[in-house]
There are 2 protein chains.
Amino acid sequence: MRIGELAKATGINVETLRYYERMGLLQSPARQVNGYRVYSQDAVERANFIRHCRALGVGLRDIMTLLNLASRPEADCNDVNHLLDEHIAQVRAKLESLRILEKQLVRLRNQCDIAHKVSDCGILREFVAAAHGEACTCHSSSDSAS
Amino acid sequence: MRIGELAKATGINVETLRYYERMGLLQSPARQVNGYRVYSQDAVERANFIRHCRALGVGLRDIMTLLNLASRPEADCNDVNHLLDEHIAQVRAKLESLRILEKQLVRLRNQCDIAHKVSDCGILREFVAAAHGEACTCHSSSDSAS
DNA sequence: GCTAGACCCTGTAGCTACTTCAGGGTCAAG
DNA sequence: CTTGACCCTGAAGTAGCTACAGGGTCTAGC
């Protein structure tokens, strides 16, 4: 199977597949005489594994770790647990900051419900006021989101 | 005020301030004879405005739009509303996918609560099974998060 | 006068996870 | 023999910074 077919079979972009190969996530496949990559069924599974992990927001480095662990059946499963726990913690932290962010944005949005001039816009006034406030107090307590 | 002082006053990194200048968010300030940047109080406010927006996850391009709008008091405030609405929608979409993600991760994590060998690890088995499943059905319904 | 250290400058590369582009080669069908 | 689909490599672009290299400037202390 060539790279285009692998792409179709896995739903992963051709370029992304080559990128994964460069990054060491996919082994360099055999080549035809013309230089085309030839993949086996193993590659499909490996690529799908990667895709599944990516859909869960797992980073490439961590996927690499998982792939290495998966290939050593005698390895200690604690590493997998640990990796997942960390990932869950990250996701929860992000969720929390996004929830706060949403509240702030909605509150901001409510400053200006009817269309009028920017000069009267509660939203921009809020922005500016917040900027002023920070400039005056000079010691912010909140941190950035994202 | 020099760039270091502006950095302290706003809590924005010196490098980031120069970056914002390169990106056109901050106007190129006056220079001393030795080439050092000199900032006015205006710059502090503008920089704080940017910082505030960034903390809300607003992208640099959108901040640019807001700054331009804010400088034209007669402009229509609807643009601000629209920008904010879009941003809120984005944040909500991200929240939703993160919530799903968290559930999936927690479910996955529960597959393997006691430390043992990778060969018996429910988590990795789940990953592999999911990859297999996707390979077989060949038409995924879920999309990626993040 | 001279040196250390803090600050400033520009320009460039690094980060993540890709995507896109330039500039080619290969192959099957018409 | 040409068209179009596919493949190749290597480099650059994306966002929003951060960090580094390799300098210049200024002030304080000896």
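Chain letters run A, B, ... following the sequence lines, proteins first and then strands; every chain starts at 1.
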Quick one: which of D:dC7, C:dC18, C:dC9 gets closest to the side chain of A:Tyr36?
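The closest nucleotide is D:dC7.
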
Run the salt bridge (Lys or Arg N to Asp or Glu O under 4.0 Å) check on A:Glu5 and A:Lys8 step by step: do they pass?
CA-CA 5 Å; A:Glu5 300 169 77; A:Lys8 252 175 219 147; over 6 Å; no

Less than 4.0 angstrom from a charged side-chain N to a carboxylate O is my criterion; do B:Glu21 and B:Arg18 meet it?
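Not counted as a salt bridge, because no side-chain N and carboxylate O are separated by less than 4.0 Å.
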
Mind checking whether A:Val44 and A:Gln41 have side chains closer than 4.5 Å, heavy atoms only?
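With C-beta onward as the side chain, the pair touches.
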
Just so I know, are the side chains of A:Arg37 and A:Gln32 near enough to count as touching, which here means a heavy-atom distance under 4.5 Å?
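The answer is no, as the side chains (C-beta and beyond) never meet within the 4.5 Å cut-off.
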
Phosphate OP1/OP2 of [N]: any [X] side-chain N/O under 4.0 Å:
X       : N      : result
A:Asn34 : D:dC7  : no
B:Arg18 : C:dC8  : no
A:Arg31 : C:dT26 : no
A:Thr16 : C:dT19 : yes

From B:Thr10 atom OG1 to B:Tyr20 atom OH, the distance as rounded to the nearest 0.5 Å:
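That separation rounds to 9.0 Å.
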
Does B:Val33 or B:Leu60 map to a spot on DNA chain D nearer the 5' end, using the closest nucleotide for each?
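It is B:Leu60 whose nearest nucleotide is closer to the 5' end.
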
What's the [atom1]-[atom2] distance between [X] and [N], to the nearest Å?
X       : N      : atom1 : atom2 : answer
B:Glu21 : D:dG16 : CD    : C1'   : 16 Å
B:Ile3  : C:dT10 : CD1   : C1'   : 12 Å
A:Tyr19 : D:dA11 : OH    : P     : 16 Å
A:Gln32 : D:dC8  : CD    : P     : 9 Å
B:Lys8  : C:dA6  : NZ    : C1'   : 10 Å
B:Tyr39 : C:dC9  : OH    : P     : 7 Å
B:Glu15 : C:dC7  : CD    : C1'   : 12 Å
A:Asn13 : D:dC7  : CG    : C1'   : 14 Å

Distance-only donor-acceptor test (3.5 Å): side chain B:Tyr20, base D:dG16:
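It does not, because no donor-acceptor pair links the side chain of B:Tyr20 to the base of D:dG16 below 3.5 Å.
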
When you match B:Glu5 and A:Arg61 each to their closest nucleotide on DNA chain C, which lands nearer the 5' end?
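Counting from the 5' end, the first nearest nucleotide belongs to B:Glu5.
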
Students often get this wrong, so: under 4.0 angstrom with heavy atoms, is B:Arg37 touching a base, only sugar-phosphate, or nothing?
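B:Arg37: backbone/sugar contact only, no base atoms under 4.0 Å.
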
